[in-house]
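Remember, it's 1-based here, ligands and their atoms both numbered in the order they're listed. It should be emphasised that the depicted structure is a prediction, and the values quoted were computed from it without experimental measurement. All values below were derived from every heavy atom in this structure, side-chain atoms included, with hydrogens, water molecules and symmetry-related copies excluded.
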Amino acid sequence: MVDTRAGVRPRGVAVLGSTGSIGTTALRVIARHPDRFRVSALTAFNNAPLLGDQVRELSPAFVGIVNGNGSQIARGWITGAQCLVQAAERPDTDIVLNAIVGAAGLDATIAALRAGKRVALANKETLVLAGELVTAAARRGGGEIVPVDSEHSAVLQCIAGRPRGDIRRVILTASGGPFRGWSSDQIATATVDDALRHPTWQMGRKITVDSATLANKALEVIEAHFLFELPYDRIEVVVHPQSVVHSMVEFVDGSVIAQLGAPSMELPVLYSLTHPDRIEDAATPRFDPVAQSPLTFEPVADDEFPALRLGFRAGRSGGSAPAVFNAANEEAVGLFLAGKLRFPEIAEAIESAMDELAGMSSATRDDLLLADSKARAHVVQRFGG
Ligand code: NAD
Ligand code: MG
């Protein structure tokens with residue numbers, strides 16, 4: 001047999017947010033496949049010692065640090081927020097793995113898509129903040145967005161190239177987070193430590209709090225709307241505490257296809273790089289259905305977790321509402337982690353910002369960033385003191 005890969009150079013991957021939970025997972029996955037992928041660029045916010053270790057190991061051509069402290073920065077590193085776009089646009093970057101947390105990842109995603117590159121997108125806040133702009137940038141520039149989020153990777157794998165018209169609905173699974181089964185009274189007194197104790201996933205702090213409020217699932221509903229061009233009444237959420245069924249797609253003939261696996265981000269990260277192909281990866285945990293059983297499903301407790309309902313409302317409203325939802329949530333989570341907000345006030349802050357800032361323009365990036373900053377200011381003013 002002819003080896004069709006002979007002579008093919010490994011694809012260059014820029015890992016934005018390389019020091020985080022997804023970033024370090026991605027570097028582990030890439031290191032297992034040197035014949036397929038090499039790291040072209042690394043960026044981080046401020047963890048210079050870890051970034052330095054990664055640079056020594058991987059020798060990327062470009063290193064960026066947004067908020068570098070002088071003495072820890074090596075010669076040649078690019079500082080400031082513009083390093084993200086520079087890393088994304090490099091000619092030796094074929095794939096931009098955007099593992100930044102929050103709205104800060106927006107410009108790099110758009111730049112990569114405009115330049116016709118693949119964006120392996122973990123940074124879901126980007127799609128929520130500016131779904132229309134991001135998908136338009138992909139259409140115009142010829143770039144493609146491939147999700148890293150496990151639920152959306154599952155949906156993509158279940159769809160397997162079938163046309164949109166074949167899909168009746170998608171069912172996103174949610175672990176339910178650490179407060180599944182808690183009463184509203186118990187949730188009212190939840191501490192930061194309680195919220196950071198996720199039952200099935202090890203992740204960065206912001207997404208771990210989002211999983212506890214279910215704001216993460218709200219972001220994922222909006223993410224699914226833009227990725228798969230589905231109306232909101234075809235996107236549902238079910239609680240699945242084991243996090244083994246990563247999501248399901250129901251087709252028009254009634255058949256339901258699910259994607260299963262251990263709760264590990266390694267497979268969705270690998271698939272975001274290889275899609276639509278699959279490659280041998282012996283390190284992915286082997287699936288044992290008996291060991292994983294039982295698999296259970298239950299409805300979302302809407303009253304205890306109002307952020308999900310607010311996310312559907314923001315998605316259906318469209319325009320700048322998802323940007324307001326996302327920014328208010330980011331700000332409120334920051335205040336909660338700083339001990340300045342009680343847990344239920346995260347959803348209250350989102351709702352208050354959405355009520356206050358309805359109808360702002362969403363026509364341009366700057367309009368959306370204005371809605372973003374107004375929402376943050378509103379939350380700080382109303383809830384931060
Ligand atoms: P994390 O906090 O562990 O890492 C975030 C990374 O982004 C770090 O490298 C940090 O240096 C960088 N960063 C933070 N703020 C930045 C800024 N203003 N400018 C530039 N870089 C910045 O977060 P994470 O858990 O890895 O999550 C990253 C993204 O992936 C989030 O959008 C999250 O929702 C999504 N995601 C994460 C998981 C997971 O298992 N961790 C799963 C699905 C989706
Ligand atoms: Mg997810």
- Task: Give a yes or no on whether Gln82 atom CD has more than 12 heavy-atom contacts from other residues, nucleotides or ligands under 6.0 Å away.
- Result: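 Result for CD/Gln82: enclosed.
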Less than 4.0 Å between a side-chain N and a carboxylate O, is that true for [Y] and [X]?
| X | Y | value |
| --- | --- | --- |
| Asp210 | Lys206 | yes |
| Arg180 | Glu304 | no |
| Arg9 | Asp94 | yes |
| Lys117 | Glu144 | no |
| Lys124 | Asp149 | yes |
| Lys374 | Glu356 | no |
| Arg168 | Asp253 | no |

Closer than 4.0 Å to some heavy atom of [X] - which atoms of ligand 1 meet that?
| X | result |
| --- | --- |
| Glu125 | 31 (C), 32 (O), 34 (O) |
| Ser18 | 9 (O) |
| Val66 | 19 (N), 20 (C) |
| Lys124 | 32 (O), 34 (O), 44 (C) |

Quick one: look up the protein heavy atom nearest [atom] and list residue, atom name and how far away it is.
| atom | result |
| --- | --- |
| atom 4 (O) of ligand 1 | Gly20 CA, 3.2 Å |
| atom 35 (C) of ligand 1 | Ala122 O, 3.1 Å |
| atom 11 (O) of ligand 1 | Phe45 N, 2.8 Å |
| atom 6 (C) of ligand 1 | Ala99 O, 3.5 Å |

Looking only at N/O atoms, are [X] and ligand 1 under 3.5 Å apart anywhere?
| X | answer |
| --- | --- |
| Asp149 | no |
| Thr19 | yes |
| Ser21 | yes |

- Item | Angle at the Mg ion (ligand 2) (to 10°), with one arm to OE1 of Glu151 and the other to OD1 of Asp149 |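 Taking the Mg ion (ligand 2) as the apex, I get 100° for this pair.
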Which option wins on minimum heavy-atom distance to [atom]: [options]?
| atom | options | result |
| --- | --- | --- |
| atom 25 (O) of ligand 1 | Gly64, Gly204, Pro263, Ala44 | Gly204 |
| atom 31 (C) of ligand 1 | Ile22, Ile100, Val148 | Ile100 |
| atom 18 (N) of ligand 1 | Ala104, Ser211, Ala108 | Ala104 |

- Over 60° means perpendicular and under 30° means parallel, so classify the ring planes of His246 and Trp201, tilted if in between.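 Judged by the thresholds at 30° and 60°, the geometry between Trp201 and His246 is tilted.
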- Which class fits the ring pair Phe312 and Tyr232: parallel under 30°, tilted 30 to 60°, perpendicular over 60°?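 Judged by the thresholds at 30° and 60°, the geometry between Phe312 and Tyr232 is perpendicular.
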- Item | Working for side-chain contact (heavy atoms from CB on, under 4.5 Å), residues Glu298 and Val238 | CA-CA 6 Å; Glu298 55 192 72; Val238 68; over 6 Å; no
- Check if Asn47 has a non-hydrogen atom at a distance under 4.0 Å from any atom of ligand 1.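 Flag not set, Asn47 not near ligand 1.
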- Check if Lys206 has a non-hydrogen atom at a distance under 4.0 Å from any atom of ligand 1.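 Flag not set, Lys206 not near ligand 1.
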Under a 4.0 Å heavy-atom limit, does [X] contact ligand 1 with its side chain, its backbone, both, or neither?
| X | result |
| --- | --- |
| Ala81 | neither |
| Met265 | side chain |
| Ile207 | side chain |

